[in-house]
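Take a look at the structure set out below.
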Amino acid sequence: MCGIAGIFNLNGKGQIDLDLLNAMNQAQFHRGPDEGGVWVDEGIGLAHRRLSIIDLSSAGRQPMSNEDGSVMVVFNGEIFDFQAIREELIKAGHIFKSHSDTEVIVHGWEEWGEKCIERFRGMFGIAIWDAKKKQLFMARDRLGIKPVFYTITPEGTLLFGSELKVLYQYKALKKEIDPQCVEDYFAFGYVPEPKTIFKNIYKLEPGWTLTINVGDSKPRLKQYWNIPFKTDHQLSYDDASKQLTDQMKQAIGIRMIADVPLGAFLSGGVDSSSVVALMSQQQNEPVNTCSISFNDPKFNESEFAQQVAERYHTNHFVETVDTDDFGLIDKLAELYDEPYADSSAIPTYRVCELARKRVTVALSGDGADESLSGYRRHVWHMNEEMVRNRIPYGFRRAVFGFLGRVYPKLDWMPRIFRAKTTFQALARNSVEAYFNTISILKDDQRVELYSDAFKKQLNGYNAIEVFNRHASECPSSHPLNLIEYLDLKTYLPGDILTKVDRASMAHALEVRVPLLDHKLIEWISNLPPEFKIKGQVGKYILKNTMEPHLPEDILYRPKMGFAVPLASWFRGPLKSHVRKQLLGERLLSTGYFNKATLQKLVNDHETGKRDYSAPIWTLLMFDSFLGKVMDGTAV
């Protein structure tokens, strides 16, 4: 696990600014504190920070070249099947000087060209310079576990790095906020790929490559992988259950190879508990497990983590975190570099901090909820879908649309009584309904939040266009597969994996995600949808399959999540902070927001009239971004 950076003059000429390249590399020191390296040639410079995991010797240093120096590679991540590929390349006549997975990329490029990416099973952000072709090639792993950012300057230079702060080292970089990305942020809570909050700065999308040659004015982008969603209707449930165990064991097993201390996160939920259970069956010594507990029982899962730890005799480490752990608010803006509104980033940061005291590599359970329909919203969506399928769209839009507008919003009531949200969902098509479900601020709330001037800047743009683009590319028409596809393309890379990458790298901790092994994801996507949701139980096949390995109260208790008590923070210890920031000059000076709406959000939340904790947190994180990244300005 590392950080990569680079500078490429598109005309292929000129000396690379070595001071800039070193500054870019230093900006991501936390990603690889073990050592750093830079390499420059005419018109091209590559840099790397290393966190040593495989082959700790100096032979694994990057940038790494082939024998004649015509191919140069920088690489962030891990290739988990590198040993088998290495043997194949040796048989083909390639000579290796190290035992690192990076060198597999070097010789894989020589042997297969850009097709080499399709051979790699892992998580990666890769940049390859081919001097003979005068070509820079970059690739991002299939699910977006590792990030790649890039921009092309007006002067014709491509800059890239593992984090946005790497690009910020170029002092002439224009940080011009994209109004459409502000709209995306207040809908999703993050800026979805391939955009960033700034115009002309991009994320390379998961499963895509970028190629640019000397003389080109812009890169060529190409998708090399997509989730298949080709349902295997011939597969029996019993066979699927057995295959799921085998697939998970293999995905976990290949991620247990490391030359440094290795362990796992253990939250007490189904996914991390499943990973720990199957890890314990594949090594003789106890697994190192880490979890955090909260001093508020409403947010504390530590007793369930303890059950799993005792069952598998793990070396279990627990630290208690105060639920009033809001001192990280401004730190988050520094970590994420652009607006990011998932408050579970706070406990995620803390559990990574704890894990790094014990291990250098940790396995996590992320990814199963998105691929196996583990969120409550998936079950509710399918319940609503049954109604949508039985009632003509025109009737639904007229009748339920009216009811959705006039019915009072009762957030404080149990879900069954919150009919307003259900009516709104039934009045929409499937994509519109799911977008409404996941939006932090709904369409009408964003309309109220934005100033008239900002609405003119948006020129009719709505964040649902992100969903519409991906929905048009979904290989399956089944409504459950569709919303899984949307989650895997947006929420997973934009929120979940971003959160884990930045929080773990802040502590120089490598996190491996076995449940996002691309071969496992391909297999899961082809499961009949009825294997994933049964009745009101999501992630059914995983829970049912893990019954011999985990207790029932781990598998079937209500999902708790990794939450913090925002609502009480904003009515208690952070009350004055919220009022000061949301009604302060910094947010209003952007010209984006309606002051009366901001005032209403603060007042209604303080008095308990409504729970506006999610919109308030989203605004606070935007304000923090302006202060930390934009130096208090929005231009």
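Below, all heavy atoms of this structure are taken into account, side chains as well, without hydrogens, waters or symmetry copies.
Residue Leu167 holds its CG atom at 10.0 Å from NZ of Lys175, rounded to the nearest 0.5 Å. Between atom CE of residue Met123 and atom CG of residue Asp517 there is a gap of 11.5 Å, rounded to the nearest 0.5 Å.
Proximity of Phe160 to Phe149: side-chain heavy atoms (C-beta onward) are nowhere separated by under 4.5 Å.
For an aromatic pair to be called close, the ring centres must be under 6.0 Å apart, and Phe137 with Trp129 fails this. The distance between the ring centers of Phe188 and Phe467 falls below 6.0 angstrom. For Phe75 and His48, the gap between ring centers reaches or exceeds 6.0 Å. Between Tyr340 and Tyr190, the ring center distance fails the sub-6.0 Å criterion.
A ring-ring contact (aromatic ring centres under 6.0 Å, His included) with Phe454 holds for exactly one of Tyr461, Tyr592, Phe593; it is Tyr592. Remark: of the listed residues Phe8, Tyr202, Trp208, Tyr202 is the sole one forming a ring-ring contact (aromatic ring centres under 6.0 Å, His included) with Tyr150.
Salt-bridge check for Asp501 with Lys146: passed, with a basic side-chain N closer than 4.0 Å to an acidic carboxylate O. Residues Glu114 and Lys222 are paired through a salt bridge, judged by an N-O separation under 4.0 Å between the basic side chain and the carboxylate. A salt bridge does not link Asp81 to Arg119: none of the charged nitrogens lies less than 4.0 Å from a carboxylate oxygen. Arg31 has a carboxylate O that lies under 4.0 Å from a charged side-chain N of Glu163, or vice versa, which qualifies the two as a salt bridge.
Here the side chain of Glu338 pairs a donor or acceptor atom with the backbone of Ile197 at under 3.5 angstrom. Of the possible polar contacts, none joining the Tyr168 side chain to the Ala27 backbone as a donor-acceptor pair under 3.5 Å is found.
Figure legend: cation-pi geometry between Arg140 and Phe124 absent, as NZ or CZ is not positioned both under 6.0 Å from the six-membered ring centre and within 45° of its axis.
In this structure, His518 and Trp225 have perpendicular ring planes: the angle between them is above 60°, well past the 30° mark. Relative orientation of the His470 and Tyr485 rings is perpendicular, given thresholds of 30° and 60° on the angle between their planes.
Using a 3.5 Å distance cut-off with no hydrogens or angles, the side chains of Ser267 and Ser272 do pair a donor with an acceptor.
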